[in-house]
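Structure record follows, encoded as structure tokens.
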2 protein chains.
Amino acid sequence: MSDCSSCTVRGRAICASLDSAELAELGHMGRRQRVKAGHTLLWEGDDAPLIANVLRGVLKLVVAATDGREQIVGIVFASDFIGRPFGKESPYRVTAMTDSELCIYNRSSFDAFAEAHPHLQHKLLRRTLDELDRARYWMMLLGRKSATEKVASFLLQMAERLPVEAGEPARSRTAFELPFGRQQIADILGLTIETTSRQLTRMRANGLLDLPSRREVVIRDRRAMAILAG
Amino acid sequence: MSDCSSCTVRGRAICASLDSAELAELGHMGRRQRVKAGHTLLWEGDDAPLIANVLRGVLKLVVAATDGREQIVGIVFASDFIGRPFGKESPYRVTAMTDSELCIYNRSSFDAFAEAHPHLQHKLLRRTLDELDRARYWMMLLGRKSATEKVASFLLQMAERLPVEAGEPARSRTAFELPFGRQQIADILGLTIETTSRQLTRMRANGLLDLPSRREVVIRDRRAMAILAG
DNA sequence: CGTATCGTTGACATTCCTCAAGGGATGTGG
DNA sequence: CCACATCCCTTGAGGAATGTCAACGATACG
């Protein structure tokens with residue numbers, strides 16, 4: 001992998017902190033890999049031997065209870081990174097939700113490289129802080145919001161966070177295609193698939209939404225949706 | 001504040017990464033401050049003008065919904081740090097739960113110092129990664145566990161994380177005093193105070209617990225508790 | 001066209017929350 | 001030292017929200 005300079009996420013990923021010499025060095029250590037939707041990269045309790053940048057696709061981070069109940073604890077988009085730098089085992093499973101393309105590094109090499117490149121660590125730190133804020137907001141949603149509020153919050157957040165395809169305005173977007181099905185929405189919100197489905201059906205009945213196909217969503221009344229989100 | 005070398009959390013806080021010259025420089029920037037239980041240091045939406053190390057005491061990070069429902073999204077113990085380095089507003093309220101002692105820095109000075117001291121950023125990064133893992137585990141608890149499982153998990157985690165007083169073995173501890181009341185336990189677990197109380201009462205009735213006083217807990221059957229925790 | 005997967009809907013069960021009352025500890029003033 | 005107030009916790013009864021189980025419908029795919 002030598003063409004980091006033409007990378008699709010160059011400028012957005014943590015590598016943006018590197019100059020071209022450093023980039024060449026890092027590029028030498030990494031390899032590009034495609035993974036199919038459904039493929040699991042890292043298992044819960046694994047020694048987490050890899051760090052990766054996401055070039056394309058959407059992945060989920062999953063924590064499972066002993067009896068199989070699952071909670072999605074993070075969603076990873078293009079330009080985000082995956083893995084647990086500095087030697088701890090992965091506390092969650094990482095699974096691709098769509099066909100994805102990654103830029104993978106051996107963890108120990110990556111760690112060593114990071115130690116030697118403070119700018120990279122700085123980027124990592126900022127990203128991790130942002131991710132922590134997001135996780136904490138989500139804790140409030142999981143602990144304190146009703147099913148309706150959860151679904152409304154989820155849709156609004158997806159409208160903002162979902163990667164924009166070719167030349168749409170990012171903020172005002174109101175129609176989008178979710179990269180996941182009902183069960184996965186339920187696993188994100190800490191609900192059952194049935195409750196999730198009923199909430200969506202009701203929102204459609206109330207004219208807040210259109211659901212043109214299984215995974216497409218059109219928010220018709222953003223204002224009302226924001227009120228529902230609590 | 002000049003006696004960082006004799007600091008109670010020297011060696012455990014992020015400052016452990018600094019040599020004595022650097023420590024002196026940082027010590028120059030900071031000031032010690034005591035805060036009373038109940039005092040709020042940082043408000044949700046604040047510009048988060050400070051970074052602090054906790055020398056003593058326990059603080060909570062709280063996210064509130066628009067209507068006042070509260071979720072505790074983090075608990076901060078001695079040697080942990082508070083605040084949002086690198087310029088974002090605080091997404092949560094920070095309130096002392098016990099009388100506490102802090103070592104406070106102006107954020108912009110701290111940021112500048114951190115930029116110049118990669119070791120410090122490295123420590124910050126490691127801590128933030130650990131905290132993120134903890135937050136994500138808690139997301140699973142909030143989204144997928146029952147009231148009983150939540151309370152049991154909470155007690156076990158407190159037995160491990162609560163600071164140890166004078167010369168007790170850290171791991172095997174089974175009796176401890178919680179630094180918070182029932183309402184705050186409820187706010188940590190995403191439950192109501194009544195449900196929390198009922199769970200504790202039931203565990204006591206089943207011989208899993210003793211509750212010698214309002215805030216004291218003695219785990220009598222750790223094994224059974226671990227099973228209840230799911 | 002048939003089959004598998006996913007989503008929706010309904011009936012019912014359960015958990016947890018809400019509202020209300022009472023109990024126990026702690027602190028204060030008399 | 002006692003009476004009283006306050007705060008926090010516990011307990012109970014009833015209800016609402018969500019989960020469970022089951023059947024059916026729709027969509028995608030071979």
Side-chain angles (χ1 to χ4, degrees), chain A residues 36-38 60 65 67-72 97-99 140-155 177-206 209-217 228 230, chain B residues 36-38 65 67-71 97-98 140-155 177-206 208-217 228 230:
Chain A
K36 287 245 165 261
K60 61 178 176 181
D67 63 351
R69 284 169 294 178
E70 294 193 349
Q71 176 68 45
I72 295 181
M97 295 205 273
T98 66
D99 291 350
M140 193 275 279
L141 178 141
L142 290 169
R144 292 300 188 204
K145 290 197 171 183
S146 69
T148 305
E149 291 171 319
K150 284 179 175 179
V151 172
S153 303
F154 167 78
L155 292 172
E177 184 177 342
L178 295 170
F180 16 70
R182 294 289 184 271
Q183 181 60 60
Q184 288 176 333
I185 300 175
D187 287 342
I188 291 170
L189 297 176
L191 298 172
T192 58
I193 186 175
E194 294 94 333
T195 300
T196 306
S197 177
R198 279 188 254 265
Q199 293 298 331
L200 287 169
T201 303
R202 193 156 58 132
M203 286 178 182
R204 183 178 51 185
N206 294 343
L209 278 187
D210 272 350
L211 300 168
S213 77
R214 285 188 171 178
R215 299 194 162 197
E216 281 177 292
V217 178
L228 271 195
Chain B
K36 286 242 165 264
D67 63 353
R69 283 169 294 178
E70 294 194 349
Q71 176 69 46
M97 296 206 272
T98 68
M140 195 274 280
L141 178 140
L142 290 169
R144 291 299 185 204
K145 290 197 171 183
S146 70
T148 304
E149 292 171 320
K150 283 178 176 181
V151 172
S153 304
F154 168 77
L155 292 172
E177 185 176 341
L178 296 171
F180 16 70
R182 295 289 184 272
Q183 181 60 60
Q184 287 176 333
I185 300 175
D187 287 342
I188 291 170
L189 298 176
L191 298 171
T192 58
I193 185 174
E194 294 94 332
T195 300
T196 306
S197 177
R198 279 188 255 265
Q199 293 297 332
L200 287 170
T201 302
R202 195 158 55 136
M203 286 178 183
R204 182 178 51 184
N206 295 344
L208 291 174
L209 276 187
D210 272 349
L211 301 168
S213 76
R214 285 186 171 180
R215 298 195 163 197
E216 282 177 291
V217 178
L228 272 194

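Chain letters run A, B, ... following the sequence lines, proteins first and then strands; every chain starts at 1. Hydrogens, waters and symmetry mates are skipped; everything else that's a heavy atom, side chains included, is used. What you are looking at is a predicted structure, and each value in this text was computed from that prediction instead of being measured.
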Distance check needed: [N] [atom2] versus [X] [atom1], whole Å only.
X: B:R69; N: C:dC16; atom1: CZ; atom2: P; value: 18 Å
X: A:L211; N: D:dA26; atom1: CG; atom2: P; value: 15 Å
X: A:D187; N: C:dC6; atom1: CG; atom2: C1'; value: 14 Å
X: B:E149; N: D:dG19; atom1: CD; atom2: P; value: 14 Å
X: B:I193; N: D:dC7; atom1: CD1; atom2: P; value: 14 Å
X: B:R144; N: D:dG19; atom1: CZ; atom2: C1'; value: 11 Å
X: B:F180; N: D:dC8; atom1: CZ; atom2: P; value: 16 Å
X: B:Q199; N: C:dC16; atom1: CD; atom2: P; value: 7 Å

Nearest listed nucleotide, side chain of [X], among [options]:
X: A:R214; options: D:dT27, D:dT18, C:dC16; answer: D:dT27
X: A:T201; options: D:dT20, D:dT10, C:dT8; answer: C:dT8
X: A:E194; options: D:dC9, C:dT9, C:dA20; answer: C:dT9

Looking at [X] and [Y], what are the two nearest heavy atoms and their distance?
X: A:F180; Y: A:M97; value: CD2-CE, 3.1 Å
X: A:T148; Y: A:R202; value: OG1-NH2, 3.2 Å
X: A:R69; Y: B:K145; value: NH1-CA, 3.9 Å

Original post:
C:dT9 phosphate, OP1 or OP2: any side-chain N/O from A:S197 under 4.0 angstrom?
Top reply: no
Subject >> Under 4.0 angstrom between A:S146 side-chain N/O and D:dA17 OP1 or OP2 >> reply: no
Subject >> Residue mapping more 5' on DNA chain D - nearest nucleotide basis, A:K145 or B:G181 >> reply: B:G181
Subject >> Upstream residue (5' side of DNA chain C) when A:R198 and A:R215 are each assigned their closest nucleotide >> reply: A:R215
Original post:
Does any non-hydrogen side-chain atom of A:R144 lie less than 4.5 Å from one of B:D187?
Top reply: yes
Original post:
From B:T196 OG1 over to B:K150 NZ, what is the distance, rounded to the nearest 0.5 angstrom?
Top reply: 9.0 Å
Original post:
Heavy atoms under 4.0 Å, any strand shown: does B:L191 hit a base, just sugar-phosphate, or nothing?
Top reply: sugar-phosphate
